[in-house]
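Counting begins at 1 with the first residue of the sequence. Both counts, for ligands and for their atoms, begin at 1 and track the order of listing. Computed from a predicted structure; not experimentally measured.
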Amino acid sequence: MPLETPARIVSELTSRGYNADREAVTLLARAADPDSALDAAVERAPEDALKLSSDHVESVLADLEPGRKASASTGYDNGNESGKESTSAEETKGDDDVGEAVADVSRPDESIRDPDLDARSVEITGNVTGESTGTGEYDDFVSVFQDRFKRLSKQLRSRVNARPTSVVGEMPGGGETAIVGMISDIRSTASGHWLIELEDTSGTYPCLVMKDREFADTVDELLLDEIIAVEGTLSDDNGDGDGILFVDSLYFPDVPRTYQPSTADRHVQAALISDVHVGSQEFMGDAWSRFADWLHTPEAENVEYLLIAGDMVEGVGVYPNQDEELDIVDLYEQYEQFSEYLKEVPGDLEIVMIPGNHDAVRLAEPQPGFDEELRDIMSVHDARISGNPSTVTLEGVDILMYHGVSLDEVIAELPDEKASYDEPHKAMYQLLKKRHVAPQFGGKTRLAPEEKDYLVMNSVPDVFHTGHVHKLGWGKYHNVLAVNSGCWQAQTDFQKSVNIDPDSGFAPILDLDTLDMTVRQFS
Ligand code: D5M
Ligand code: FE
Ligand code: ZN
């Protein structure tokens with residue numbers, strides 16, 4: 001196969017045991033005869049070199065192509081239609097000199113990537129990997145819920161004057177009070193009102209939302225196990241053992257409306273992707289390679305980070321009859337193949353990956369990062385491997401990465417206008433509002449018993465990045481950018497049967513200095 005693209009150059013080089021600078025790859029891809037250029041570059045590589053430098057490739061090309069101009073005036077022609085700009089929501093801004101950058105073949109040196117490695121910074125927090133304390137005992141389930149309650153009730157207590165339910169039970173009828181609690185039950189009454197049972201560490205209390213209250217329609221946003229606060233008036237018979245609180249207002253832990261996200265100090269970008277599903281017959285290898293190629297182009301020179309939010313591979317035995325659609329049946333071979341595809345992206349990218357429900361780690365959340373054996377397989381480009389969820393701080397911008405299994409639950413439970421597969425970011429808004437990535441326990445979302453609840457959003461992220469539902473969607477909620485990143489897998493038989501039309505082959509590109517986003521299509 002001719003080596004016309006940077007991605008193929010990279011995989012050919014790695015198959016021969018070499019790495020190369022991004023600039024060196026670009027030079028080889030642009031050579032008049034990339035195959036011979038690569039052969040010559042490898043043949044003449046210094047004895048001890050593992051990585052080919054651009055200087056080395058320049059000197060090889062100078063011999064092979066006498067009369068050739070140096071890189072400074074050669075420019076780059078990406079020669080295909082990939083990297084097209086796609087949809088752009090109102091919260092985002094396109095990159096308006098894109099066309100020019102591709103077309104201008106006499107662009108000076110700036111077309112060669114030369115990242116300022118010193119300016120980079122990556123910090124990871126909230127990562128369960130290696131910290132898991134759960135023994136699977138009942139007590140651990142108690143502690144994880146107690147910890148959730150402690151963290152989120154603290155956020156709500158600053159806003160209402162709440163009393164413990166045991167104290168509320170003793171209060172005289174007709175008075176006003178507030179309760180902070182975890183929702184243990186929601187029922188509609190015969191007359192169409194809503195009875196919400198709130199639980200705190202001292203007991204439970206019934207709270208009634210009348211159907212004609214202006215906030216009654218927020219009841220359909222409520223999920224079991226989430227923490228809310230209510231203020232209201234106690235029934236006249238309160239204190240005699242079967243009182244009730246008539247709710248006058250309802251509060252979520254939420255993100256403050258005035259939240260001011262942090263931004264990076266320089267123009268630098270991150271590609272936010274997920275759900276690669278290598279090993280599936282539907283994995284879109286060509287689209288992936290176009291994406292990887294684009295990352296080698298000058299248009300992508302500011303893309304210095306790549307975040308992958310789970311489902312690297314298709315896995316084995318994840319769903320019934322999944323084996324009928326497997327291209328690679330061995331799990332480890334799937335990771336090996338994923339690693340081959342990862343090699344196609346520029347070696348100087350900072351990569352952070354977390355697992356998803358198709359990956360070979362425990363299903364219950366929080367999921368630890370991949371084990372040593374899988375890390376070894378995926379060691380390419382020194383990718384950082386973290387748990388699901390994790391907060392990744394890139395040059396001051398806090399990005400909460402979470403695979404997104406709870407989105408299925410939010411979408412199933414809430415009315416369409418509040419959360420749907422077509423607008424996955426709206427389901428993400430609900431998680432931000434609840435300040436928890438997987439509020440409801442016991443349905444699709446499996447929860448690992450731990451001493452501490454890693455799934456609580458202790459602080460407000462600047463960007464919330466999820467995947468899982470294979471739909472692209474983004475928008476801002478109280479200034480926090482929520483991005484669900486689509487996938488690299490075409491529609492599966494199951495998805496066809498339930499009418500899920502995936503958004504495959506898109507890469508959302510985030511400006512870390514402005515938090516504007518552009519989506520590029522490679523499919
Ligand atoms: O999830 C991709 C999306 O499709 C997510 O919304 C779950 C849903 N999905 C896919 N296959 C199934 C089956 N067999 N049962 C239930 N839901 C499914 P992913 O994690 O990539 O499979
Ligand atoms: Fe997936
Ligand atoms: Zn998934």
Whether Y402 and F464 hold their rings parallel, tilted or perpendicular, with breakpoints at 30° and 60°: parallel
Contacts of the Zn ion (ligand 3) with protein N/O/S atoms, counting only those under 2.8 Å: D311 OD2, N357 OD1, H403 NE2, H468 ND1
Part of Q322 with heavy atoms under 4.0 Å of ligand 1, whether side chain, backbone, both or neither: neither
Apex the Fe ion (ligand 2) - arms NE2 from H277 and NE2 from H470 - angle rounded to 10°: 90°
Element-labelled atoms of ligand 1 that are located less than 4.0 Å from some non-hydrogen atom of H277: 21 (O)
Atoms in ligand 1 with a heavy atom of Y421 nearer than 4.0 Å: 6 (O)
Element-labelled atoms of ligand 1 that are located less than 4.0 Å from some non-hydrogen atom of I500: 4 (O)
K452 to Y454, cation-pi by 6.0 Å centre distance and 45° axis angle: yes
I328 CD1 to E336 CD distance, which is reported to the nearest 0.5 Å: 9.5 Å
Considering only N, O or S atoms of D275, the one closest to the Fe ion (ligand 2): OD1
V498 contact mode with ligand 1 (heavy-atom cut-off under 4.0 Å): neither
Whether W488 and W288 hold their rings parallel, tilted or perpendicular, with breakpoints at 30° and 60°: perpendicular
S280/E282 under side-chain hydrogen bond (donor to acceptor under 3.5 Å, both in side chains): CA gap, chis, key distance, verdict: CA-CA 5 Å; S280 157; E282 284 83 16; 3.1 Å; yes
Carboxylate-amine/guanidinium proximity below 4.0 Å for D416 and K418: no
Sidechain N-carboxylate O distance under 4.0 Å for E395, R120: no
Ligand 1 contact on D408 by region, counting heavy-atom pairs under 4.0 Å: side chain
Interatomic distance, I354 atom CD1 to H403 atom NE2 [nearest 0.5 angstrom]: 8.0 Å
Of all N/O/S atoms in D311, the name of the one nearest the Fe ion (ligand 2): OD2
Atom 21 (O) of ligand 1: the protein heavy-atom neighbour that sits closest, reported with distance to 0.1 Å: H470 NE2, 2.8 Å
Atoms of ligand 1, numbered as shown, that sit under 4.0 Å from any heavy atom of N357: 20 (O)
salt_bridge(E417, K426) N-O dist < 4.0 Å: no
Cation-pi geometry met for K471 and Y421 (6.0 Å, 45°): no
Residue pair R384 / I124, side-chain heavy-atom distance below 4.5 Å: yes
Minimum-distance protein heavy atom relative to atom 11 (N) of ligand 1: F494 CD2, 2.9 Å
Sole residue of D513, T514, D511 in side-chain hydrogen bond (donor to acceptor under 3.5 Å, both in side chains) with H267: D513
Under-4.0 Å salt bridge between E409 and K434: no
Aromatic plane relationship, F291 with F522 - under 30° parallel, 30 to 60° tilted, over 60° perpendicular: tilted
Q489 N/O to ligand 1 N/O under 3.5 Å: no
Per-residue contact class, L407 against ligand 1 - non-hydrogen pairs under 4.0 Å: neither
Which of the ligand 1 atoms, numbered from 1, are nearer than 4.0 Å to a heavy atom of D311: 19 (P), 20 (O), 21 (O)
Atom 3 (C) of ligand 1 - nearest protein heavy atom and its distance: H468 O, 3.4 Å
Numbered atoms and elements of ligand 1 in range of H358, under 4.0 angstrom, heavy atoms: 19 (P), 20 (O), 21 (O), 22 (O)
